[in-house]
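Okay, structure first, notes after.
Counting convention: from 1, in listed order, for ligands and their atoms alike. Throughout, numbering of the chain's residues begins at 1 and tracks the sequence.
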Amino acid sequence: MSDAPTPLALHIARLIEETGPITVSQFMGAALGHPDHGYYVTRDPLGAKGDFITAPEVSQMFGELIGLWLADCWMRQRTDTGTPSPFRLVELGPGRGTLMADALRAMKSVPGMAAAAHVHFVETSPALRAEQEARVPDASWHDRFADVPEGPTFLIANEFFDALPVRQFVKTAQGWCERHVALADGAGAEAPRFAFALSPVPLKDESAIPQGARGAPEGSIAELSPASTAIAQEIAARIADQGGAALIIDYGHARSAAGDTLQAMRGHGFADPLENPGEADITAHVDFETIAAAAKAGGCATFGPVEQGRFLAELGIQARAEALARTASPDQIRDIGTALQRLTAPDQMGSLFKVLGLLPAGAEPPAGFTGS
Ligand code: SAH
């Protein structure tokens, strides 16, 4: 390790010395969420000075269109007794609160909607909670989705699921063995370096491995995110029972497949996931097939995933960009064009990012998902 060991590296090394190798999921969970030294707990990672940038930080158009999507779903759930009011407007992992502030502004064009909404943020980072409060002061904050009070639930999660820990399994001649993180050869707890290792004991029951990965050749890696499936099922159960809708947006694959997608970002570049834990963002691609199956098990109808570029196009991002450009300076017009490209072009965020919609069972395809 080139830098001095991070406090979290020392902590993890001591843990490994005392109790043996840990799972990739334990390593990722600690790197991101350790209560004192976790990456998200100690900083605001977004923006030019941070480690990465997200769609709502690229342009206000993103949050506005999502606000209008939620508004459309809300209006379509009108019954004889009216639209679902009051309702929970929930965001998981809201970052700086930018998406919600933009969505709320767009919702003001829908009579009664903003007044019926109470914003609930699910956020574990004290640093980011402060950012969110600056932009959406009337919100309530929770550590877990399960703590959001019951009621009709309209929910958004952008780049939240990629931050939930994954377990990794390596296909060997003996079967699927869990990938561990151990101390590298010759490294002690005072000057720790980490290396991947394998559990010597294969999984007894292969059915835990996503079906699309099971036939992969030896050496392949399969990923499971138990936290992701649990949360997807919980959200779906809430919406199936009490009404509402959810949009899950993230980078990932539409079909489960083998592959090592663990990656670390530091200062807008890729880094080694095992180096400097607590100082780099660690993520994994989202397995939308498994998330959708969990949401169905929770009782919802699922739509997509569709590619983000196509979704935003169907919601009218081109027209929104033109409307913004009409009152903009030449510099601003150039920025709007750049943002539009960044959000929708296939070689930027348009294809890798995907959108999954959840609605109560029996619902018609919502905007953005027609024909999916
Ligand atoms: N949605 C935002 C931020 C994405 S970064 C945007 O698009 O800009 C991931 C967000 O999820 C951060 O706010 C982070 O603090 C939060 N987060 C990560 N793991 C979490 C967990 N287990 N529970 C709650 N929030 C979490």
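More than 12 heavy atoms of other residues, nucleotides or ligands shown are found within 6.0 angstrom of CZ on Arg105. Counting non-hydrogen atoms of other residues, nucleotides and ligands closer than 6.0 Å to CG of Asp185 gives a total of 12 or fewer.
For the pair Pro45/Asp281, no side-chain contact is recorded, criterion being any heavy-atom separation below 4.5 Å from C-beta on.
Under the 4.0 angstrom criterion for non-hydrogen atoms, Pro56 is in contact with ligand 1. Residue contacts with ligand 1: Leu128 is included, with a non-hydrogen atom under 4.0 Å away.
Ring-centre distance between His11 and His37: not below the 6.0 Å cut-off. For Phe194 and Phe27, the ring centers sit closer than 6.0 Å to each other.
Closest heavy-atom approach to atom 17 (N) of ligand 1 among the candidates Glu91, Glu159, Glu123: Glu123.
Tested against Asn158 for a side chain to side chain contact (heavy atoms under 4.5 Å, CB included), the candidates Ile249, Leu247, Leu92 yield a single pass: Ile249.
Backbone and side-chain nitrogen or oxygen atoms of Asn158 are examined, and one is located within less than 3.5 angstrom of a nitrogen or oxygen of ligand 1. Of the N or O atoms in Gly95, one or more lie within a sub-3.5 Å distance of an N or O in ligand 1. Of the N or O atoms in Gly93, one or more lie within a sub-3.5 Å distance of an N or O in ligand 1.
Set against the non-hydrogen atoms of Ser125, the atoms of ligand 1 under 4.0 Å away are 15 (O). Near Thr124, meaning under 4.0 Å from one of its heavy atoms, ligand 1 places the atoms 20 (C), 21 (C), 23 (N), 24 (C), 25 (N), 26 (C). The Phe160 neighbourhood of ligand 1 comprises atoms 11 (O), 20 (C), 21 (C), 23 (N), 24 (C), 25 (N), 26 (C), with distances under 4.0 Å to a heavy atom of that residue.
Only side-chain heavy atoms of Thr54 come within less than 4.0 Å of ligand 1; its backbone N, CA, C and O stay farther off.
The heavy-atom pair separating Gly95 from Glu131 by the smallest distance is O-CB, 4.5 Å.
Between Arg310 and Glu314 a salt bridge is recorded (basic side-chain N to carboxylate O distance below 4.0 Å).
The protein non-hydrogen atom at the shortest distance from atom 22 (N) of ligand 1 is Leu164 CD2, 3.8 Å. Closest protein heavy atom to atom 19 (N) of ligand 1: Ala163 CB, 4.2 Å.
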